[in-house]
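Following: one structure in structure tokens, then a few remarks.
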Amino acid sequence: MPTASAGSLTLPAKLTGSEEMAYDAQELETRWQKAWDDSGVFEVESDSSKPKFYCLEMFPYPSGHMHMGHVRNYSIGDAMARFQRLMGKNVLYPMGYDSFGMPAENAAKKEGGHPHDVTHSNISSIRSDQERMGYSYDWRRFLATSDVDYYKWNQEMFLTLNERGLVERRMAPVNWCTDCDTVLANEQVKNNRCWRCGLEVVQRDMAQWFLKMTEYSDELLDELDNISFPENVKAMQRNWIGRSHGAHIDFPVVGSDSVIGAFTTRPDTIFGVTFVTLSPEHPLCEEICEGTQWEEGWSELRDECAKMSEFERINMLKEKKGVFLGRNAINPMNGEEVPIYAGNFVVASYGTGAVMAVPGHDQRDFDFAKAYDLEIRRVLTKGSGDDPNSPLTEAFEGYGHMVNSSKDGFDGLSGEDAMNAVIEALEDSGAGHGTVEYRLKDWLLSRQRFWGTPIPMIHCESCGIVPVPKDELPVELPLDVVFSEEQSGNPLASHRQFIDVACPVCGGNAKRETDTMDTFFDSSWYFMRFCDASNESQPFDRASVDYWMEGGVDLYIGGIEHAVMHLLYARFFTKFTRDAGMNSVGEPFGRLVCQGMLNAPAPYCEKCNSEYHIDNFGTDCPTCGSSLSSRNAKMSKSLGNTVSPEEMVSKFGADTVRLFILFGANPEAGMDWSDSALEANNRQISSIIDAVVQAITLDGSPSEMDEWLMAKLSRNQTSWTEAMSDVSLREGVMISHFEMLSDWSWYLRRGGCDPKTARHFLEGWIPMLAPATPHIAEEFWLKLDGDGLLASHILEPVQLTSGSDSAIAREAYIRDLITSGRNLRSLAERHSEKEITRAVIQTAAKWKTDMARDAIRLNLEGFDFKTQGQSHVQTLEIFQDESKRGDVFQTWQSITTGSKKKRGRIHSWSDGQKSLISGGLDEKAVIQENADFIAASLGVNTVEVYRVGQGEDVGGKARISFPLEPGIAFL
RNA sequence: GCAGGGGUACCCGAGUGGUCAAAGGGGCUGGGUUUAGGUCCCAGUGCGUAGUGCUUCGCAGGUUCGAAUCCUGCCCCCUGCACCA
């Protein structure tokens, strides 16, 4: 038996009925973890003969320990990886660490030592937490981005980017975080605050390294239509890239050679321009007003805007403010002179930092014009009834027909036509052209920090900036660097041995670049490295990446916080490497799933509408003093409502934690932590163990329940496979861990006891338990004497047999009978003076079931009951009996067309019910055979059953009896 | 303001045209088990009723033989972006 590697067993191989499986989760789980590890069962290689599945989680930053958010992320991924292996896929499921970055550097500063050591001890601790959860990673593909084995390829990729003209060093106003002592990329600034530390960023002019991501703007945007990302992530990326189509229009400055270039998305409003607005920082401002009476006003405005952060400018300044700059500009379409203003609402960094102002058709310009008494001109009408000369009370921003054009050939045009006509005219006169603007900026890559990949560039006194030759890589981070709290800035900058270098071109004195790369560079291609993680001659082999990443990573799971940053950079990298001939992939992630928040109870004050740290449980609100209630809030350190995975695992075992996480909510949904629910899941596992032990030790003979059980297994497998394939893990787990168990219970309750059936059932069921709870599943597999490790087992779906539908329908019939019997019994009790002891069941008269069968057949043939039903029913033999005519009509109607409120039964019967009727189910016989069970379920001593007419019409129930709905009288 | 996602029973939450008075879980109620509590098991949980009924899925209309599900308008909530020209 290949399972020998599992070591000593908790249980004897053969169980007797009374024995219970001692569930020692700690022992059992670590034993199987070791068995999986020893067998190397999760190690994979490219294999073009098998369909592949690349399952990946956003790799973690190695802070001290794994937290619940990680557990959720990886439990989802592991369930999917294990599921896909069961489906016969070649599954790549790797794990690594995003280990460069500030926290390690800060820790080193605080505690002394080197970030390298801090990082490595963190990695081993988080890795052992992951191993304890039983995640099925191919650990041979382990990588840590701060290892030189990895970051040397960062440097090579950087040089490749440089070769392809995608690297640029330029002076630019950049976002600077004083707390982190470094610049930040646009994507890393949220509400003008640093994404990591939350401090407000300031603007500085610095020479920095940029990656020209904007070269891929269009593809990054357009390809969003073809990939399976959640809509909100797509929306965020679209928003971020911010493509707008429009025109660039040149407005010459009167009495000067200068020209103001303005971008507009609405060239159709060109004739409505009554002034031009520049951002106060615009270089032309000074030139225009220098030495005039207007200069002072402008410099005041500029200083006022500069003092404020961008955040304040947006939120505090509701009022439009501007100053005239003393000169006019010429509208190139009509030669009209319009005044030039500087305005506080014009953003320097978007478009050209200059706006052609059309107050009639732009609300901001309208407000500005009102404040400064400028002309508001209508050049579009809403419709035919709209008077082109009536004054506007607000800007009309929609599309409309051009009017009041001071040039022929434009009035009457609207929308696209109008815009195209204007663009064409501008292009003819050379005063402008159609163009596209993007909100996306190039990626600011350099960081003034130590713990990152050194940028492989050299500053030579005579040759300028020179790339490090590829064969001289890596440029290693020195280990002999001293960190201390007093020291700020990058210690590389004062490390002589690192800095001083000979120029690779001329051999003269040169200095190394001391900036390091943004750590998002590391995570922009790690998923490709995983495909070929031990390659020593290149970042990755093209064939490996093409195999594993065809169609992208099949499932990528992580948090929504990376919707713009990481996901956009990774997409850019995949496109650049494709164009560099390193792969043919193009899009990195085929399907992205963003897991929801994990919440846990925290003290909550309804009055103040805020949550407090859990230390406040049992006290009054620290703000207002009213009593605190409890509410679920995002698990966070600040609220202290985090739950330690280690503690939960040591208490309940990894399987319980995994089951709870997966059953608690679907991956995308938010999820509330609940101790009682966790315990309930732990009990569910115990119930499953009991059921499996019982199934293994079953001792009896076959019955008609066997077919039912196998039919249910088959159906459940089908719906389970569907749910799991779709990453609807909650639904999947509900089937595998709840419905399967309740089917088994029903089987037993109904007298099923065949060991052979039980074994077949377990062979189908146990693999379904593995994705969520792999350890107990593996243990069951061993107990069942299954073939090899369950971890490498491929599930053969159970085939439906011909009688499946009716077996299931038959049991459903009994269930329905009991359910309605129970309801009726409580009614009967009110009408009965003595205690109820027996039930008399009358099944429908033969003519009724014949009629039902007839109707089902006719319905299949496309018979039109509405028009032909009446005449058809009159041809029936039973109709000739005059005393029954009313009843016959009514029954026919109930079966076929139904009443106003209730549909005909041919529409409401399930396929199984129809097959019972068509197959001539003998209801009386079914009830008779199961009389004891039914009697017990209905709480009566005896059940009598006969067909209407074959016995006394007890309680007048014959009237009510209907096919599949017998009349029941309680006595 | 723009974009995306939502509003389902006491609560959470599944449900995209008929098999829906609506899965599952929690809570609550009753019964069993127990010395008791807890656990566990069974049942109930819109109203009505010795039965085929009535009323519900944010609000108001509409399409349909039939709507929680499709369409239109409105209200409210969450998330992201935002004087982006």
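Naming: A, B, ... by sequence-line order, numbering from 1 per chain.
- Taking every side-chain heavy atom of A/Val355 into account, B/A85 is the closest of B/C83, B/A85, B/A82.
- Taking the P atom of each, B/U49 and B/C41 are spaced 33 Å apart, rounded to whole Å.
- Looking at heavy-atom distances under 4.0 Å, A/Arg730 makes contact with a base.
- In terms of modelled atom types and a separation under 3.5 Å, the side chain of A/Glu739 and the main chain of A/Met734 share no donor-acceptor contact.
- A distance of about 13 Å separates the P atoms of B/C42 and B/G24, rounded to the whole Å.
- Nucleotides B/A67 and B/C76 place their C1' atoms 23 Å apart, quoted to the nearest Å.
- Comparing B/G51, B/G4, B/G24 against the side chain of A/Asn232 picks out B/G4 as the nearest.
- Nucleotides B/A43 and B/G25, compared at atom P, are 11 Å apart to the nearest Å.
- If A/Glu231 and A/Phe970 are placed on RNA chain B by their nearest nucleotide, the residue sitting closer to the 5' end is A/Glu231.
- Every residue was checked against the side chain to side chain donor-acceptor pair (under 3.5 Å) condition with A/Arg439, not counting sequence neighbours, and none meets it.
- Which of B/G80, B/G4, B/A85 sits closest to the side chain of A/Met236 comes down to B/G80.
- B/G4 is paired with B/C78 under the criterion used here, namely a Watson-Crick or G-U wobble arrangement in which both key atom distances are under 3.5 Å.
- To the nearest angstrom, C1' of B/G24 lies 15 Å from CG of A/Leu662.
- One interatomic measurement links the two molecules: CH2 of A/Trp746 to P of B/C41, which rounds to 17 Å at whole-angstrom precision.
- Of the candidate nucleotides B/C81, B/G4, B/A23, B/A23 has the atom lying nearest to any side-chain atom of A/Met734.
- For A/Lys712 (side chain) and A/Tyr747 (main-chain N/O), no donor-acceptor pair under 3.5 Å exists by modelled atom type.
- Counting to the nearest Å, the C1' atom of B/C83 and the CG atom of A/Asp367 are 9 Å from each other.
- Between B/A50 and B/U35, the two P atoms lie 41 Å apart (nearest whole Å).
- One finds a side-chain N or O of A/Ser244 lying less than 4.0 angstrom from the OP1 or OP2 phosphate oxygen of B/A85.
- Here A/Arg439 reaches the OP1 or OP2 of B/A82: one of its side-chain N or O atoms lies under 4.0 Å away.
- When the nucleotides B/G4, B/A85, B/G51 are ranked by their closest atom to the side chain of A/Tyr350, B/A85 comes out on top.
- Atom P of nucleotide B/G51 and atom CD of A/Glu965 are separated by 14 Å, given to the nearest angstrom.
- Across all strands, A/Lys957 comes closer than 4.0 Å to base atoms (heavy-atom distances).
- Among the protein residues, A/Ile968 comes within range of the nucleic acid bases, having at least one heavy atom under 4.0 Å from a base atom.
- A close approach under 4.0 Å does occur between a side-chain nitrogen or oxygen of A/Arg364 and OP1 or OP2 of B/C84.
- In this structure, A/Arg243 places its CZ atom 14 Å from P of B/A85, rounding to the nearest Å.
- Residue A/Asn239 places its side chain closer to B/G80 than to any other of B/G80, B/G51, B/G24.
- Within the structure, salt bridge (Lys or Arg N to Asp or Glu O under 4.0 Å) contacts touching residues 339-366 of chain A (residues at least two apart or in different chains) are A/Asp362-A/Arg364.
- With rounding to whole Å, A/Ile917 atom CD1 is found 16 Å from B/U19 atom P.
- Comparing the C1' positions of B/C10 and B/G44 gives an interatomic distance of 15 Å, to the nearest angstrom.
- Each of B/C83, B/U52, B/G4 was ranked by its minimum atom distance to the side chain of A/Phe345; first place goes to B/C83.
- For A/Asn344, whose side chain is taken as the heavy atoms from C-beta onward, the closest listed nucleotide among B/A50, B/C83, B/U52 is B/C83.
- Comparing B/A50, B/C83, B/G51 by their nearest atom to the side chain of A/Ala969 picks out B/A50.
- Of the options A/Phe366, A/Phe251, A/Phe368, a ring pair (Phe, Tyr, Trp, His ring centres under 6.0 Å) to A/Phe275 is made by A/Phe368 and by none of the others.
- With both pairing distances under 3.5 Å, B/C70 is matched to B/G62 as a Watson-Crick or G-U wobble pair.
- The nearest pair of heavy atoms linking A/Pro267 to A/Val422 is O-CG1, 3.4 Å.
- B/C78 and B/G30 have their P atoms separated by 39 Å, with the value rounded to a whole Å.
- Within 4.0 Å (heavy atoms only), A/Pro966 reaches at least one base atom of the nucleic acid.
- Taking the six-membered ring where the residue is Trp, the centroids of A/Phe933 and A/Trp746 are separated by under 6.0 Å.
- Rounded to a whole Å, the CG atom of A/Asn681 is 12 Å from the C1' atom of B/G24.
- Two residues, A/Thr264 and A/Val189, neighbour RNA chain B, and the one matched to the more 5' nucleotide by heavy-atom proximity is A/Val189.
- Separating the P atom of B/G32 from that of B/G46 is a span of 23 Å, rounded to the nearest Å.
- No side-chain donor-acceptor contact under 3.5 Å links A/His361 to the backbone of A/Glu397.
- Using a 4.0 Å heavy-atom cutoff across all strands shown, A/Gly967 reaches at least one base atom of the nucleic acid.
- Straight-line distance from the CZ atom of A/Phe663 to the C1' atom of B/G26: 11 Å, rounded to whole Å.
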